[in-house]
Amino acid sequence: MDPPLQQPAQQPQTTARDMVFCHECENEWYRDEHGLSCPECHSDFTEIIEENHDPRVAAMADSDDDGPPPLGAFHHHHPWDAPDPDEDDINQLHWSTGPNTFAVQGVIFRDNLSQRRADPHDHDLHNPVLGTFATMLQNLVGGLGQQPPSEQPPSEQPSGSPSPGQGPNDRFSGTLPGGNRFTYQRTVRLHGPDGTHRGAHLDPSGDELNGLVEHLLGAAMGGPPGHTHPPSGQPGQPPGQPGQFPGQPQINPLAAIFAQLMNPGMAAPGDFVYSQEALDRIISQLMEQNTSNAPGPATPEAIGSLPKKIITIEDLGPDGRAECSICMDEVTVGEEVAQLPCHHWFHQPCVAMWLGEHDTCPHCRKGIMDHDKAGESANSSTNTADASSGSNGAPATPSRQQMPGTFGAGTEENPFIVPETPEQSRLHAQQDQRSSSERQPSPHSVHSDGDASGGGLGDRIRRGLFGQPR
Amino acid sequence: MAAARKRILKEYTECSNDTPPGMKINFDEQNMTEWEILMDGPEQSVYSGGHFKLRLTFPNEYPFKPPVVSFKTKIYHPNVSNDDKGSMCLGMLRPDAWKPPNKVISVLHLVRTLLIEPNVDDAIEASIASEFKDNKKGFEKTAKEWVKQYAK
C-alpha cells in the first residue's frame, strides 16, 4: 500500500528540491541534505542547478557532442575562419555543439626555428606563439583589444540572441617549441533575454577570482579602469552598461593560465592560489626550482675532455702517499688521473661517475663546464637582452639553472624567445641607437623607459616566466 | 657496488683504528653496508649515561650518495626525528651537501658533536628546537628523562 503512495508523492518533491552541483569534483546532491558545500570534496565552488541553468552541461560538454545543433545563427558561424595572419597557425579548429553549449577546440603549432630561418631579419625576441597568445587573451578579455568584428568570439556577437542557457565551452591547447604544452579552457554560459534585460548576460561564478584576474589583466594591459569589470552581480542583476555586457566573458579560466605563467617566476603578480591543487602545484614548482638550482650533470663531452695528469712525487702527501678521495684507493707516482679545472684530481672513472650527476668538483664544488661554451642551458635574462639588442655574444657567466615551467629552449644562442610588444620594439629601436652601456643590463631597462601602463602583456608574461632579472 | 664495498671496508679499517670516544662499531662483513654503532652519551651532554644504538646505512651509490644515520634508541634531540626512524639528516649528511671525499669517520664525529651541542637552526624537530632555545631547563629535563626511560 505504502510504496505506490510514496511514489507519486516523491516525484514532485524531487523536482522541488534544489540540486547542487560541485564544480570541483562534479558531484551532485540535494541542497536540503548536504547544504551548499560539497560533501565529497568540501569545496565551496558549487552551484544550484536550475532548469535552464545547468552547470553539469558545461562539464559534460566534451562527451556531449551529438546533441541537436541548437543555434541556427551560430551553428555555421566560424569566427576563427576569418583570415588573420596572426592565427594562421591555429589548425585543427573543431567547432562542435551540444544541447546547451558549443565547444571550440584548436591546436596551435609554431616552429620557432623555421620561423627564424624564414625571417632572419626579424627580431629574435619576436615569438609568434606568445604573440598569438596575447592576441587570444585580448580577444577574450573583450573591449581591451581592438579586433575586427570577424575575430570576436561568438559570445560577443550582439546580433542573434542565443537561446536560453547557450554558451560556448572553449578549449585551446598548444604545443610550444620546447615540446611543452599549454591548454586553455573557457566556459561561458549565456542566458537568453528575459523580463529584466534584453540580450545575453553571463553567469557569475568565481567572482573573487574574476576580481583578481581583472586587476591583473587591467594592470597588464594598461587598460582604462572602465574596462576592468567589477565582480559582477547575481544572475538576475542587470548589467550596468547595456553595451558592455556582451564583452564580459568569464575570465576565471584565465586564472589557470596566469597561475601557470606567473607562478614559476615567483614574485610576479600571479602568486595567488584558489585551490589546494594550485597550491600544491606551486609548492612542487618551488621545490623543483630548488633542486634545479643545484648543478646538473656535466656533459659527457666535458667529462671526456678533462685533461689527464700523471701523478708526480709532488702530488703525494707529507707521508709520501696519496689517494683518490672518491674510491680511497692509493695512487702511485706515474699513475694517470683526470684533473679538473680547479686542479683537483681523481681517477678518471671515479670522477666521471660523480660528474655524470653533478657538475661540481667533489672537493671544492667548482664546475668543470665553466670554460666550455655551456650555452645550451644558460640563463635567460642576460642572454635575451643580448640577443634583443643585437649583440649575440655568449653570456659572460653562464648560469646553469633553468626555471621550471618555461616554454622551453629556443636555440643555443638565444634559449628563450619571448614576444615583444610594439611599444617594446619601438623602445628597442631607440635603445639600439644609444650607448651600449645604457642598453646593456636587461629587458628591464626597457621597462624603466616605458610609460605608466607598466609595459605590455608580453613583458609581463616574460617577467612572470623568467623572473626579475638578477 | 664493488667499488663501494671496497671503500666501505677501507673506511671501517680507518674507523676502527680511530674510533671516536664512547663509540663501538659492530661491523658485519656479510652485510657491510649496514653498520651498527653503539654510542655512549657524551659526558658533557644531557645524554650522559645513556647508551644509544645507531644504524649507519650505506646506499648502493656510496660514496656518491651520503650514508644514512638513524637512531635505533629513542632520543630527545632537535636533530633526530621523533619517530620510528630516528633519522638524523643535516650538514654533510644532506644529499645536496654530501660530497664523495667525506668520510664515515667525520660522520661519526658529527653525530657525537651534535649530541653535545644540538644544531637548533637546522632542526628536524622544530618543537624540540624551540624548547631548547626558549626553555633549556625543560629541554634538559625531558632529554634526561628519555635517557632514563629508553637509553639505559
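Letters go in sequence order (proteins before strands), and every chain restarts at 1.
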query: Within a reach of under 6.0 Å around NZ of Lys148(B), are more than 12 heavy atoms found that belong to other residues, nucleotides or ligands?
result: no

message: If you count heavy atoms of other groups shown closer than 6.0 angstrom to CZ of Arg55(B), is the number above 12?
response: no

task: Might you work through the side chain to side chain contact (heavy atoms under 4.5 Å, CB included) test for Lys65(B) and Glu357(A), ending with a clear yes or no?
output: CA-CA 11 Å; Lys65(B) 299 264 163 67; Glu357(A) 293 193 33; 3.9 Å; yes

- prompt: Is Phe64(B) close to Met353(A) at the side-chain level, that is, under 4.5 Å between some pair of heavy atoms?
  reply: yes

NZ/Lys137(B): more than 12 non-hydrogen atoms of other groups inside 6.0 Å: no

- line: Note: Pro362(A) and Pro101(B) closest approach over all heavy atoms is O-CD, 3.3 Å

message: Could you check whether atom NZ of Lys72(B) has more than 12 heavy atoms from other residues, nucleotides or ligands sitting under 6.0 Å from it?
response: yes

field: Heavy atoms from other residues, nucleotides or ligands near CD of Glu43(B) exceed 12 (cutoff 6.0 Å)
entry: no

- request: Can you establish whether the number of heavy atoms outside Gln44(B) located under 6.0 Å from its atom CD is more than 12?
  value: yes

task: Please list, in residue-number order, every residue in residues 316-327 of chain A that has a heavy atom less than 4.5 Å from any heavy atom of chain B; write 'none' if there are none.
output: Glu323(A), Ser325(A), Ile326(A), Cys327(A)

task: Of all the heavy-atom pairs spanning Asp329(A) and Lys10(B), show the shortest one and how long it is.
output: OD1-CE, 2.8 Å

- prompt: Which distance, rounded to the nearest 0.5 Å, do you find between the CD of Glu11(B) and the CE of Met328(A)?
  reply: 4.5 Å

